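In what follows, a structure is listed as structure tokens, so that the remarks can point back to it.
Since the structure is predicted, the reported quantities are computational estimates derived from the model, not experimental observations. Reminder, nothing fancy here: chain letters follow the sequence lines and each chain counts from 1.
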Amino acid sequence: MFKIVEREEMAQGTVIRNVIDAPKIAKKAKPGQFVILKADEKGERIPLTMADTDPEKGTITIIYMVVGKSTARFKDLKVGEGYMDVIGPLGKATHIEKVGKVICVGGGTGVAVLHPITRALKQAGNDVTCIIGAKTKDLLILEDKMKAASNTLYVCTDDGSYGRPGFVTEQLKDCLNEGGIKLCVGIGPVPMMKFVCKMTKEYDVPTLVSLNPIMVDGTGMCGGCRVTVGGETKFACVDGPEFDGHQVDFDELFQRLASYFEEEKRCYNEYCKLSESKL
Amino acid sequence: MAEKPAKKEQIGRQPMPEQDAKVRARNFDEVPFGLEPEAAILEASRCLQCKKPACVEGCPVSVDIPAFIKFVAEGKFTDAISNIWRVNALPAVCGRVCPQELQCEGKCIVGKKGDPVAIGNLERFVADYERNNRLAPMPEKAPATGKKVAVVGSGPSGLTVAGDLILKGHEVTIFEAFHKPGGVLVYGIPEFRLPKEIVFSEVEGLEKQGVKLICNEVVGRTVSLDELFEEGYDAIYLGVGAGLPTLLDVPGKNLIGIMSANEYLTRSNLMKAYLFPEYDTPIILGKNVVTLGGGNVAMDSARTALRLGADSSRIVYRRSRAELPARGAEVHHAEEEGVEFHFLAAPLEFKGDDKGRVIGMKVQQMELGEPDASGRRRPIPVEGEIYDLECDLVIIAVGAGANPLLTQSTEGLELNKWGYIVADPATGKTSKRGVWAGGDIVTGAATVILAMGAGRDSANSMHDFLTRGW
Ligand SMILES: Cc1cc2nc3c(=O)[nH]c(=O)nc-3n(C[C@H](O)[C@H](O)[C@H](O)COP(=O)(O)OP(=O)(O)OC[C@H]3O[C@@H](n4cnc5c(N)ncnc54)[C@H](O)[C@@H]3O)c2cc1C
Ligand code: SF4
Ligand code: FES
């Protein structure tokens with residue numbers, strides 16, 4: 001078992017942070033890589049990009065939004081309990097180098113994935129501007145950490161309850177207009193990444209995105225995670241999860257993410273009913 | 001007990017009792033029930049005890065077939081299993097999945113005039129008998145050598161190596177990427193053909209003998225081969241299988257509902273999606289399912305689809321019936337259960353709805369032309385003959401390739417042009433010192449018994465190395 005040593009509820013309990021005892025993975029993991037977790041015998045294998053690692057303590061950190069049965073099950077795990085299976089580190093690490101001025105754009109729980117990458121980019125000597133967004137103030141996560149990890153931080157909320165009102169892309173546009181940006185990293189919901197990429201393409205700024213397709217094994221064995229990048233089929237679990245955002249077919253990814261929409265809804269509803277009846 | 005007729009040839013091959021086709025096509029229970037002891041003894045008595053047994057020549061690991069069959073005929077089932085174990089560690093598996101009609105049974109003398117001796121069914125019988133009764137003595141373990149061996153992958157090949165080397169006194173640890181051991185035996189081959197309990201019981205047996213099993217460890221990611229050597233392993237066996245799906249490059253290939261057999265079967269078998277929502281992993285329940293391919297993987301997929309409630313399950317195969325690479329028994333079972341075959345047919349294009357879900361495909365009629373490099377006649381399109389098939393799930397089972405995850409992260413490991421590991425056919429030695437390889441990652445997708453045979457050869461060579469040097 002992979003024990004949970006720390007647990008925190010964020011964004012009104014819709015987002016959970018777990019620090020998990022996984023020394024072998026912690027020792028190897030690099031920013032941008034992910035793990036696959038399975039709560040128990042009957043659980044599903046869920047890929048999550050690591051939000052942090054501590055090789056000395058032998059722990060990894062994951063931050064996830066509760067969206068279905070599997071993540072609801074994860075949420076029920078308390079400190080001292082743990083995941084039956086954790087596999088990783090999987091995928092390619094982010095290529096970190098000093099390029100100059102960099103913009104990191106994060107939305108929703110994508111901010112959690114963006115954090116270690118931002119930190120590494122800054123440590124490598126880049127001038128890092130960060131734009132993070134959420135639907136509303138209560139759902140914003142990791143503001144302090146992102147502030148520490150970047151040189152400049154902008155916050156946006158869709159409903160204007162905090163920071164700049166509107167989408168992250170509006171702030172992004174202003175930053176791009178200032179010029180001199182060498183690299184953009186955009187991580188968040190698929191529509192957000194799509195629009196970030198559309199915009200940076202207009203400004204010819206290379207853009208990395210981290211994709212989150214449905215996965216099973218995470219080792220290139222099933223092809224379930226395939227995405228189209230530059231007209232070619234790529235397996236996000238081994239060729240990614242990061243890709244050149246200007247080449248990604250986001251519409252296909254968005255559709256494929258809904259493959260099990262009906263099944264997931266059914267499973268989640270049954271789980272919620274079961275949890276309620278236990279109360 | 002059945003009486004023994006005077007002339008052996010007069011006894012017919014004992015039929016394997018099995019679930020009725022209509023019933024079993026809707027459940028995941030194993031299809032054959034197994035022979036009763038009486039029937040097994042009778043079947044065994046059909047063997048002529050040839051002086052130069054052709055069956056043994058047909059067996060890739062040379063099981064002493066007449067010897068074990070003689071024990072069965074005499075009712076000495078425990079002696080029979082001990083005899084098989086000398087060369088085959090997984091008889092309960094092999095009895096169920098080996099292509100006997102191409103191997104032992106295909107060569108059996110009795111088969112020249114009638115039906116061959118049911119060697120596979122007998123092998124299965126003695127293995128099941130032993131698993132249910134536990135009478136055979138455990139093989140003896142040699143004194144500890146103090147040497148450490150890492151086995152990467154817990155498919156039939158890796159399990160064989162682990163079983164052999166633990167008995168020779170070495171310390172053995174198996175590293176498996178998945179959360180459960182067994183390789184294709186667990187994630188690929190369905191429950192109705194090979195109950196998972198059998199595989200787990202074999203693995204438990206190894207653990208009882210002292211083999212350590214570490215799951216969730218992706219060698220090449222969680223740990224590298226060089227790190228394993230640094231940790232003190234003296235020798236490493238790579239039995240990582242051919243885990244790379246072949247997908248099709250035709251329009252519509254990424255629509256929802258088009259997936260590799262690896263994904264479909266892994267969801268169903270390893271993740272138990274057939275028990276959704278009791279188990280959390282979902283699977284697409286197709287009403288009209290098309291499986292592309294003609295091997296065991298295709299049969300397993302098409303039959304799984306029926307069991308998951310499909311109204312129609314079709315196999316679309318490029319060549320003709322004669323070229324189907326699947327085991328005879330699987331083709332036969334699939335047909336009995338209602339799987340339809342479209343021979344000489346190849347996919348041209350998939351069509352989807354506005355949500356990106358597959359709703360149909362265009363199929364090109366083929367005919368057989370000149371033989372190709374493999375000696376099989378090459379299918380060529382018949383001009384203008386194109387038809388439509390309605391489908392909401394397409395399973396691609398047209399072959400597997402070498403998964404590059406481990407091989408590309410390992411320096412000094414020679415690969416062939418398709419990415420398979422180059423290993424000495426006799427010893428399994430690779431170009432990297434202290435590293436052996438065998439099974440599907442060397443031969444390409446093949447069979448359980450060949451993977452086991454390669455494991456056996458490598459284990460012997462590894463033992464030599466550990467006791468004498470490279
Ligand atoms: C659906 C299906 C049906 C089949 N039916 C038959 C049949 O009826 N008869 C027959 O003889 N053959 C059949 N085969 C073929 C047979 O199963 C294979 O030839 C055989 O399993 C190969 O054994 P292996 O040990 O080489 O590899 P595998 O069984 O593939 O095992 C490899 C193991 O290594 C693990 N692994 C891979 N990479 C790593 C890594 N980097 N680190 C750690 N672990 C790793 C994998 O997770 C896997 O568990 C079938 C195959 C399939 C897919
Ligand atoms: S070839 Fe057939 S009859 Fe002869 S020994 Fe083998 S199984 Fe028996
Ligand atoms: S998750 Fe199976 S290939 Fe990527």
Region of [X] in contact with chain A, defined by heavy-atom distances below 4.5 Å:
X	result
B/Thr222	both
B/Lys272	neither
B/Ile396	neither
B/Leu244	both
B/Ile284	both
B/Tyr187	side chain

* **B/Arg267 bridged to A/Glu44 by N-O distance under 4.0 Å** => no
* Answer yes when B/Glu227 and A/Lys28 have at least one side-chain N-carboxylate O distance shorter than 4.0 Å, and no when they do not. =>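 Result for this pair is yes, salt bridge flagged.
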Shortest non-hydrogen contact between [X] and [Y], atoms and distance:
X	Y	answer
A/Glu263	B/Pro282	CB-CB, 3.7 Å
B/Pro277	A/Glu270	CG-OE1, 3.5 Å
A/Arg45	B/Phe178	NH1-CD2, 3.4 Å
B/Arg357	A/Tyr260	NH2-N, 4.5 Å

* **Separation of A/Glu264 CD from B/Asp280 CG (nearest 0.5 Å)** => 10.5 Å
* Enter the distance from A/Tyr83:OH to B/Asn216:CG here, rounded to the nearest 0.5 Å. =>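 If we round to the nearest 0.5 Å, A/Tyr83:OH and B/Asn216:CG are 14.0 Å apart.
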* Please check if atom CD in B/Glu197 has more than 12 non-hydrogen atoms from other residues, nucleotides or ligands closer than 6.0 Å. => no
* Near B/Glu278 CD, under 6.0 Å, is it more than 12 heavy atoms from other residues, nucleotides or ligands? -> yes
Side chain from CB out, backbone as N, CA, C, O: work out which of these in [X] comes under 4.5 Å of a heavy atom of chain B, or both, or neither.
X	value
A/Phe254	neither
A/Lys27	neither
A/Leu257	neither
A/Tyr271	neither

Flag the one option from [options] with the top tally of heavy-atom pairs under 4.5 Å to chain B.
options	value
A/Gly68, A/Ala39, A/Gly91	A/Gly91
A/Ser70, A/Gly224, A/Ser259	A/Ser259
A/Val227, A/Ile46, A/Ile87, A/Asp85	A/Asp85

* Using the test side-chain hydrogen bond (donor to acceptor under 3.5 Å, both in side chains), find all partners of B/Lys196 that sit at least two apart in sequence or belong to another chain. => none
* **From CA spacing to verdict: side chain to side chain contact (heavy atoms under 4.5 Å, CB included), A/Val238, B/Arg221** => CA-CA 11 Å; A/Val238 285; B/Arg221 287 275 200 256; 4.0 Å; yes
* To do: For residues B/His179 and A/Glu41, determine if any side-chain heavy atom of one lies less than 4.5 Å from a side-chain heavy atom of the other.
  =>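 Result no, sub-4.5 Å side-chain heavy-atom pair not found.
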* Asked: Is there side-chain contact between B/Val218 and A/Leu90, with heavy atoms separated by less than 4.5 Å?
  -> yes
Would you tabulate the side-chain donor-acceptor contacts of residues 253-260 of chain B under 3.5 Å, counting partners in other chains and residues two or more places apart, or write 'none'?
from     : atom 1 : to       : atom 2 : distance (Å)
B/Lys253 : NZ     : A/Thr233 : OG1    : 3.4
B/Lys253 : NZ     : B/Asp249 : OD1    : 2.8
B/Asn254 : OD1    : A/Arg226 : NE     : 2.6
B/Asn254 : ND2    : A/Thr228 : OG1    : 3.1
B/Asn254 : ND2    : A/Glu252 : OE2    : 3.3
B/Ser260 : OG     : A/Cys222 : O      : 2.5
B/Ser260 : OG     : B/Asn262 : N      : 3.4
B/Ser260 : OG     : B/Glu263 : N      : 3.0

* Out of B/Gly241, B/Pro245, B/Ser224, which one racks up the most heavy-atom pairs below 4.5 Å with chain A? -> B/Pro245
